[in-house]
Amino acid sequence: MTRWALAGWLAFVTACGAVIARTEFSADISAFLPRSPTPGQRVLVEQLRDGVVSRLILIGIEGAAPEALAQASKRLAAELRRSEQFVSVANGEDAGLPGDREFVWRYRYLLSPAVTPGRFSARGLRERLEENLQLLGSSTGPVVRRMLPRDPTGELLELIEPLEGQGRPATREGVWFARDGARALLVAQSRAAGYDIDAQERALAAIRSAFERAAGGSGAVLLLAGPGVFSVSARAAIRGDVVLFSLIASALIAGLLFALFRSPRAVGLALLPVATGAAAGVAAVSLGFGTVHGITLGFGVTLIGEGVDYAIYLFTHSAPGVPPRAALGRIWPTLRLGVLTSILGFSAMLFSGFTGLAQLGLFSISGLVVAVAATRWVLPALLPPGFAPKVAGAFVPAAMALEGRAPRLRYPLLAAVTLAAALLVAQRGPLWSEELSSLSPVPRSDQLLDQRLRRDIGAPDVRYLVVVRERDEEAVLQGAEAVAAALRSAVRRGLLEGYDSPSTWLPSRAAQAARQAALPAPGTLRKNLAQAQRGLPYRAGTFEPFLEDAAAAKKLPLIDHAALRGTGLALKVETLLVRREDGWRALLPLRGVVDAAELAREIGAVAGTQAALLDLKRESDELYGGYRREAVVYSLAGAAAIITLLLVTLRSPRRVYDAVAPLAAAVVVVTCLLALVGHTLSIFHLVGLLLVVAVGSNYSLFFDRQALSGGDRGRTLVSLIFAAVTTMVGFGLLSFSSVPVLKAIGSTVGLGALLALSFSAILQRRDTGAAGDARAWRPAPALELTLMLHAAGALVLVLRPELWPWVLAAVAANHLLLAAAVLWPRGQALGPNLNRLPAPAAGRNEVCLTFDDGPDPDVTPRVLDLLDRHQAKASFFCVGEQAQSCPHLVKEIARRGHSVENHSQRHSPAFAFYGPWRLKREVEAAQSVIAGLTSRPPAFFRAPAGFRGPLLDPVLARCGLRYVSWTRRGFDAVDGDVQRVAARLTRDLAAGDVLVLHDRAYRRWPAGEPAVLAVLAAVLERIAAAGLRCVSLPAACGRGPAA
Amino acid sequence: MLAALMAAAAFGPPPAAGAELDVETLMRSLAQVGSHTASFVERKHLAILNAPLESSGTLVYTAPGRLEKHTLVPRAESLVLDGDRLTLEDKGRDQKRTFALQEQPVIQAFVEGVRSTLAGDLATLSRFYQVALDGNERRWRLLLRPREQPMQDFVSEIRISGSRDRIRAIEIVETGGDRSVMTITGNGA
């Protein structure tokens, strides 16, 4: 077995190693963007990954006099333009690419949308020539005069004019500057796409070294911003964090282990499941997703903290003489349950729409499962025989002392939780962050710099886009042209400032052909021109160059991608014209949109093409909103799954409540603390809270195991504390990361895990055994929660009175739930409730018959006789008033060896609604009446009809009474059918049952016989037939005289 | 008439009816002139046209650096130079564009000399142009030649003539031979 386990482990580790060796690691930010469902979101993601915007690098130079800055800017720009890594470098110098100007000039007749046949008719030409005359005389005359001989129809102006709407920065010394003159500005466009982080890194390095050469000694400082910059620094940050935190975590945890066990071998062995788990996690993600994201590796640090817990549990429970296998046998069930709850917690992440979160989920689940499996099957095989690391001596007594004092903090803790809940509800600012940018892995300072530079440069925030979708390139260009025409008219009407379209520089073949055809044949054009010139003062021959150019244009090959090559326009067209699996898309970014709704309508109305206006900001906000909703759903589902699992395993709502209450308290307190510190919560915090529940359940479950002796309890405590500390170290380290994902989850879980452990210790329920001990009484859960809710509600009303409808609703719901609890007689919610005999009694095959509402002079004697005949002992819950009227009967009951218990003084139907003083009077009166008649006061109490009010529990505790309901009742008070009643009482009859009958003649046979007697006879026979014994309650519970 | 004046000036300074003038003194006296309005008539002689183009309108100068040229005939438009910002408004097409003067070197070449002269700003003038002065206080003529590219590409000489502290005429000779002559009246000269 040992050999198999070892061999299996070695093989597994080797397999993992093989997978990891071939794994690709990436740090692409977009892994934390969605597997995008809607077309709008897909465009958003594409733009972020490799759109025009993603290639821009914003450069600022500051820290010297403006002349020096301008010099630096010019030199830097010159050098960068020589480099191959940049398509364009703009700094305000009019050194725009000659390639661009030449291209536009050469193809102007194919590009200009104003080229129509009418333009070159005699009349059209005359109109243009007349206008030009006026322009020549105006202030722009000199400009016009230069272009006139070649371009009298002004195509160049047509083409350049739409570009003029772009925001331009201020200029000083011939280069761009921020308005206050403190910063020179440049915009570089990299050849590499934004998602190619390696290439972006090279580009940034080129800028930095060029800057050194351009302005090394002048004291000027270089500022860089832009998507590429973000990607590179995010990747560096992630890498740095992963390495640093893994090292620190391993060192700290190894140190902790050594402090605990004082044995290097123990430390090494304890880290083995962790290492195996980490390897398995990486391999699983690599197989499942293809690449492993750096953030996933960063999250692996937490696995170190958690994975080592299992080895700690194993080692601390291995005492000398207790081989590891036996220790495992004891703790395995709880351990397994803890692992399952953790897995459920991480599964919520696995199903989320974020690839990144899904990776984290898969990594953690595989890592945990393998770590536990290694602890279970491989470690025992590797441990030398007799291996029992001694837990360093001082820890056990210290832990026990701590734990002993913990329950004193119960009320302060409940008060703190109430306060935290009230503060959360009364929170004035938004609790949850609303924006996608909160998920960005970019630190805040970098984001601010980017915003500043963008504002200075006037770089447009690309928010509105028109998207045209068609099957092929020609169709999509035609569609873009149709939309562009609509947009031109919209610009004229002031609906927006400007737009960009791929069809501006690469018109559709149809449009180009039409324009070429619109140019008249050379001879015709000459004739038209001559006619147009008649009477105008233009010198003859002025327009010869124009005629030459027009003739050449008629023979030009149509513009295609090849013609654009070498110009900056090529890149622009490339990014605005994209090809996808399902066709082609043209993107038209808009600038200065004034009326988006009207624009959307007009674009939708453009005939003949599918075009839509996209609001990227709204898309991204909706995307975020979608994630948040999804995250809330998955987190709640995860929590529900965990609670269901606990219900199924622990089988008792009370135990589940005890396990879950400390976790809920931890969640509330952590959320409140985060909110107080000023963090707005993001999806990652939500995930962190779920993990607090999952991980914390490992601790609270250990406090559920009550059958622990002193030594065991001490060792368990120490192991729990150390496990919690290592988990806290693992997660807590992440809260120092600069990556928001890791920081959010780290701070939430680090704090939450520690609180979960502490709260579990403070809130633990200790069964003192002797329930009559009034000092140990504690309010029932329902009562505690009710008090807390009312207190929180009052606080909320004080802090934010306008929330009173909510408070009212909550209080009303609370009372409804209380009423429901009252109507559930067998429940534990309102206090301890004995609804079956304790286990030892059941082991002795005992059942208990109880009779309510007596003593009755008619029925009771006959019941007593019947019981004697069957040698059965029972318990009689007598009403105080009845006892007072038939004292001899009470004495008789006691004499015959049955017990007399308390059923209230007057058996009022309104008993459940009595206030505390009236309850006290009722209970105490009956108590003293019965005690006066029998030699011992009653030890048990049952409420009239079984309806106990919420305030009964404290009264009973004060009187030293224990509440009893039943396992089975017959409804003999309302149902006269003997067989049916008897059947109800004895169906599935088992040892430990408590049955209830009434020794009162509620129902009589036609002949006048009380029906209950026949029922009792039948029941007694069935009990005997089942081989069970009837005893009284005190006897069954181990108190009082043996039956 | 103006041409005759120019020709006369070319043959040498007229008999000194007033004191000899130097550039600094002229600039100082021009700088002291506050805001005033005048009318202008501009004639452009372009090589591509066989008749001159004529336009007219008003000029408004506000010390120290704001110059407005409102053309009424033949096409309503205005050019406003305020410090560094140039605003061109074409009232016919209802278009208005604003930009920094340095971004339009062609226009800068033409306008800078006039504005600096009106402001009496010898420093700026000397930075962009070689400055020569002839004449006397009653009739003087400033000759400006651009020092550097890109102005040299467009303008070969600007001749501003005036009397005392008022400008009377501005003649701009472009490279390539085109010429524009602006006569200013109504400003008290």
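In what follows, chains carry the letters A, B, and so on, assigned in the order in which the sequence lines appear, proteins first and then strands, with residues in each chain numbered from 1. Heavy atoms only: backbone and side chains are in, while hydrogens, waters and symmetry mates are out. These figures come from a predicted structure and were not determined experimentally.
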request  = Rounded to the nearest 0.5 Å, what's the gap from OG1 on Thr71(B) to CD on Gln134(A)? Could you check?
outcome  = 11.0 Å
task = Can you see which heavy atom on Gly137(A) is nearest to which on Ser55(B), and at what distance?
result = O-OG, 3.9 Å
key: Portion of Leu133(A) that has a non-hydrogen atom of chain B nearer than 4.5 angstrom   = both
task = Using a cut-off of 6.0 Å, state whether more than 12 heavy atoms not belonging to Arg493(A) lie near its atom CZ.
result = yes
message = I'd like to know whether CD of Glu148(B) has more than 12 heavy-atom contacts from other residues, nucleotides or ligands below 6.0 angstrom.
response = no
query = Where does Glu131(A) contact chain B at under 4.5 Å (heavy atoms): side chain, backbone, both or neither?
reply = both
task = Give, for atom CG of Leu136(A) and atom CG of Leu46(B), the distance between the pair rounded to the nearest 0.5 Å.
result = 5.5 Å
message = At a 4.5 Å cut-off on heavy atoms, which part of Glu54(B) comes close to chain A: side chain, backbone, both, or neither?
response = neither
request  = Could you have a look at Leu79(B), Leu53(B), Asn50(B) and say which one has the most heavy-atom pairs with chain A under 4.5 angstrom?
outcome  = Asn50(B)
ask   = Taking it one step at a time, do Leu536(A) and Leu49(B) satisfy side chain to side chain contact (heavy atoms under 4.5 Å, CB included)?
value = CA-CA 9 Å; Leu536(A) 293 178; Leu49(B) 298 177; over 6 Å; no
request  = Output yes when a side-chain donor or acceptor of Arg75(B) lies under 3.5 Å from a complementary backbone atom of Leu135(A), and no otherwise.
outcome  = no
message = Would you say CZ of Arg145(B) has more than 12 non-hydrogen atoms from neighbouring residues, nucleotides or ligands within 6.0 angstrom?
response = no
request  = Answer yes or no: does atom CZ of Arg43(B) have more than 12 heavy-atom neighbours from other residues, nucleotides or ligands under 6.0 Å?
outcome  = no
query = Given a strict heavy-atom distance threshold of 4.5 Å, which part of Leu88(B) is in contact with chain A: side chain, backbone, both, or neither?
reply = side chain
query = Is Asp178(B) close to Arg145(A) at the side-chain level, that is, under 4.5 Å between some pair of heavy atoms?
reply = yes
